Each structure stands twice: as C-alpha cells, then as structure tokens.
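Right, one structure below, let's go through it.
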Amino acid sequence: MPDLQPYWMPFTANRYFKQHPLLLESAAGMYYTSRDGRKILDGIAGLWCVNAGHCHPRIVAAVQAQVARLDYATAFNLGHSGAFELADQVVKLAPGNLGHAFFVNSGSEAVDTALKIALAYHRARGEGQRFRFIGRERGYHGVGFGGISVGGMVANRKAFASAMLPGVDHLPHTHDLARNAFSRGQPAHGAELADALERLVTLHDPSTIAGVIIEPVSGSAGVLLPPKGYLERIRSICDRHGLLLIFDEVITGFGRTGAAFAAQTFAVRPDMMTVAKGITSGVVPMGAVLVDRRIYEACVGGSGTAGQPEQAIEFFHGYTYSGHPLACAAGLAALAVYRDEGLFERAAALAPAFADALHGLKGAPHVIDVRNIGLMGAVELEPRRDQPTLRALDVFRHCFGNGVLVRTTGDTIALTPPLIIEEAQIGQIVDALGKALKAVS
Ligand SMILES: Cc1ncc(COP(=O)(O)O)c(C=O)c1O
C-alpha cells in the first residue's frame, strides 16, 4: 500500500478514507477490480463518464497509437487533424444550430468558457452591459469560480462566497417530493417554476442579463428531472428577452438519456451546450462548449472583429491542452464505438427495464423517492435524524462490500451505469441496493 497522506483527495473525506481506503486496480467492460482482487460491478460509469465501458479495446488502441504518433500538438495558431475531425463529428451529433466546438479539458472549464463566450457574444453585438447570469438552486456546474457562482449546491459555495461572480441570481430548483415522488421519467408538476425566470428578468432588467445556465437533468444534486413543459417555458422566456440558454450536458451528453443529448430527448434547443465526461468515455480528460452558429459568427466574423486585421485573435481564451491529441483520439474512438455498437439506442431500449428495476425499490426501507430517465436513476432515502448523508454512505459501503459501485449525493443514491450494461447486471445492482437498504439502520 502506498503512503496515502501526501495525496489531498478531491471531494473526499480524507481523514476517513485514509483510515478505510478503497483502491481500484484495473477495469474491463462493466467491472473494476479492487486492490484486494474483488470484481466490482460499476453502477455509475466511473463518475458518470465511462459510457462505452471500461478499457474498451478500440479506444485503448486509438490512444496507444496516437501517443506513439503525435504526443502533443501546440494548441495556439497551430493544429492537428484530430481536433478538427472531432469538432466536426461532435457538432454533427448535436442539435443542428450548434455548429462549432471549443475544446477544453473538463466540465468545469467548459462551464467557465461558456460563460465567457456569452459575455463575448453580447459585447460583439454592442450589448456589453449584459453581464448577469442566472443559474439554479441545486445546480452543479463544476468548481471554477464561474461554475460555483452559477451553481446552486450550498456546500460547494459557502467557503468561497467572497469570490463569486457579480450579478448572479438563481432559479428555484424543481425537486418536489410532495407532488412528484416516484415519477417515471419527467414529473407531471412544476412547469410553472420556470416562470421565476420571468420575475428575475424583470427584477434585474432584461438588458443586464447575458444568459441562463441549467442542467437539463440535474445530475450531482441527485438526478432531478425537468417537469413536463418546464424547459420549453425557460426557452421561450430566454427568447423573449434575448438571453442565451446554456444547457450543461456534462453528465447528460453522449447517450445517458437515450439520445445523444438531453436537448434532443426533451426537444428543446439550447444556444450553447457544455459537455465533457462521455466525450472520450472518460478515458482522457476533455470537455467542449458547443456553440450556436450565430454566436460564433458574431464573435469571430461579425461586428466583434470589425476593423481588426484577419491575423488578430478574436477570442482571448484557451488552454495549453485544448484539443489535446490523446483526448481527440479517445473522443473519435468513443464516438465510433457509440455509433457502431448503437449505444445511445441501447440506452433507450434498456430504459424501461432499468426503470422497472429501480421502481421495484419503492416500499424498501428508507426509500422516499425513485426517479429515472434513460440509464440515469436515483433512489432518495429519508435522512437519518441529525446525521444527513450518513445513511446513504452506509448503503454505498454495503453495496461496495457486495461487489457493486453506486454513488451517493446527499441522501440520494445515483445510478448511471455504462451504456453497455446487460439486464442481468441491472438486476444485480438493484439487488445489492435492496440488501443494503435492509441492512442499514
Ligand atoms: C453538470 C456538470 N457540469 C460540470 C461538471 C464539472 O466537470 P469536471 O468535474 O470535469 O470539471 C460536472 C461534473 O460532474 C457536472 O456534472
């Protein structure tokens, strides 16, 4: 066992972990192998990312070949064909208005980049006074200063309140157990919660607002689905007031909801989309902002660059590793696997069996809600009195002991398996969960 102290682990109870370490050693398909040699069925696709399953031979081979051919290509004012090919393929999967991709290295960078693009777009159109963003309670948009400002997960914000972006406000979240508990798919009640946007727009004056950022399905807050009609209302209020609508599809992208993107599942068109995770099936870090053609035109070709020589940089933003060759190779291979193995269609086809299995936990001890869409689901537990989150953590540990990896967020157990999962494995996950729920106090 290595010395565990030097590594400051992210989003982890370091003191507890280092007393009770859980280490993974290898992975293949639906399974991890732990350091003590046990097979662990992965119910959460790593961290909502390994959509093609672990160590997929085609993705592994593509990355191995790439690292031996071109390890790194200077990202600014030089390129390599993989980045252009991947941008082309990703935008072809996305809703038709999203014609351009800006590459980054994570979901957090994608979010902060999207916010900057929104400001640049309005400025290019002579509306530089639009500086405000509207996020949503319980939203998660990564951990950059932009992302935590528009995000709505209290624990991620409270230590950093002094350094938030100015002028950000938040929509109410849409989680409503009283009216919507145990909904299958989109809940029936709550479309009217979108009207809070109209009130915020009035309060702040629409001419000061740059855009709205929401996850079509909140992931990290515990798989909170949009009520029927909610996203459509948000879209129409944005249209009415010239606000850009940004969908954060870092989790929902690349097949999770049974289509390439949740925007397609819900048939609501965003002006920008942030993606990461599944773009490379988690194999190499990568993210992207997919951008409406008119936004790109305004920033790169339109009034934003009027009077500037063609050699002038249009957007002063980017990362050393934007469009990294290994990430692009992994991304191209992942997209080929998704296409050739029909994994988005597979997610849609398995969704009813996944829903049936999860909703079978209704009535199990502690369960106060079950919700699902595509291959994304959650089981919410009654918190222990005075000990929020600990019951769910006990369930996590019990499942891990029984060879199944689930994820907890607050008192919710989230399930987002790789899209290659078999029905019997769905059964195994739900079985392990059922046993854990009976075992924990
Ligand atoms: C919706 C959403 N946005 C952004 C992020 C941040 O991504 P990353 O951890 O790659 O920075 C996440 C991570 O889970 C996410 O779920």
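Atoms within each ligand, like the ligands themselves, are counted from 1 in listed order. Excluded from the calculations below are hydrogen atoms, water molecules and symmetry mates; all remaining heavy atoms, backbone and side chain alike, are included. Computed from a predicted model, the values in this text were never measured in an experiment.
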Let me know which protein residues bring a heavy atom to under 4.0 Å of ligand 1; chain then number is fine for ordering. S106, G107, S108, Y140, H141, G142, E215, S220, D248, V250, I251, K277
The side-chain contact (heavy atoms from CB on, under 4.5 Å) partners of A262 (sequence neighbours excluded) come to P216, E249, T252, T257, F266
Do N180 side-chain atoms and S183 backbone N/O form a donor-acceptor pair below 3.5 Å? no
Under a plain distance cut-off of 3.5 Å, with no hydrogens placed, do D169 and H204 share a side-chain donor-acceptor pair? yes
Take atom NZ in K18; do more than 12 heavy atoms of anything else shown fall under 6.0 Å from it? yes
Under the side chain to side chain contact (heavy atoms under 4.5 Å, CB included) rule, what do F103 and Y319 come out as? Steps first, then yes or no, please. CA-CA 8 Å; F103 287 126; Y319 301 91; over 6 Å; no
Answer with yes or no after comparing the ring centroid distance for F261 and F254 against a 6.0 Å cut-off, counting only values under it. yes
